[in-house]
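The structure appears right after this line, and notes come after that.
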Amino acid sequence: MVLGFVTFWPLGIAMLAWICWGEQMVEWWERNRSGFTTARMTRPFTASASTGNEAFEDYRRGELERLERERRRLEDEAHEFEVYMRELRKARDREEFDRFMRERRERSRGAQGEVSTAVESRGAHAY
């Protein structure tokens, strides 16, 4: 604790406060935590909660419907983009695979040509 005061005094003060009052603070928090949550939840916001003002209710209903349409439009666009990216990846993978197969065939043809020339040259020297 002394080292805490020397190097970083706020840390030392926080440590001293926790040693002196830490248990009481935890007990106070446990007692009052339920009071905090119930005070916040006494009037939660819901779309069906009425304000009593019809003009405002019509406005709110219209805005919520507009936001819902916008949300659906954005979700549709996101889905279309995911499909587009999936197709791009598939095309890129197909191109890479085709390139690999083409290079593999070329290597195997080259290796077969080398083998056949080696066999021919060996056969010519054998006689």
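Numbering starts at 1 and runs along the sequence shown.
- The distance from atom CZ of Phe56 to atom CZ of Arg61, rounded to the nearest 0.5 Å, is 11.0 Å.
- The number of heavy atoms from other shown groups lying within 6.0 Å of CD (Glu77) is above 12.
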Hey, mind stepping through Arg102 and Asp98 against salt bridge (charged side-chain N to carboxylate O under 4.0 Å, His left out) and telling me if it holds?
CA-CA 6 Å; Arg102 187 174 48 251; Asp98 290 343; over 6 Å; no
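- For Arg72, there are no side chain to side chain donor-acceptor pair (under 3.5 Å) partners, not counting sequence neighbours.
- A continuous path of ILVMFWY side-chain contacts below 4.5 Å connects Phe81 to Leu88, so both sit in one hydrophobic cluster.
- Ion pair Lys90/Asp93 not flagged as a salt bridge, since none of the NZ, NE, NH1 or NH2 atoms sits closer than 4.0 Å to an Asp/Glu carboxylate oxygen.
- Partners of Glu70 by side chain to side chain donor-acceptor pair (under 3.5 Å), not counting sequence neighbours, listed by chain and number: Arg73.
- To the nearest 0.5 angstrom, Met85 atom CE is 10.5 Å from Glu82 atom CD.
- Under a 4.0 Å N-O distance rule, the pair Arg60/Glu57 qualifies as a salt bridge.
- Residue Arg99 forms a side chain to side chain donor-acceptor pair (under 3.5 Å) with just one option from Glu95, Glu96, Glu103, and that option is Glu95.
- Contact of the Glu63 side chain with the Tyr59 side chain is registered, since non-hydrogen atoms from C-beta on lie closer than 4.5 Å.
- A salt bridge links Arg71 to Glu75: one of the charged nitrogens lies within less than 4.0 Å of a carboxylate oxygen.
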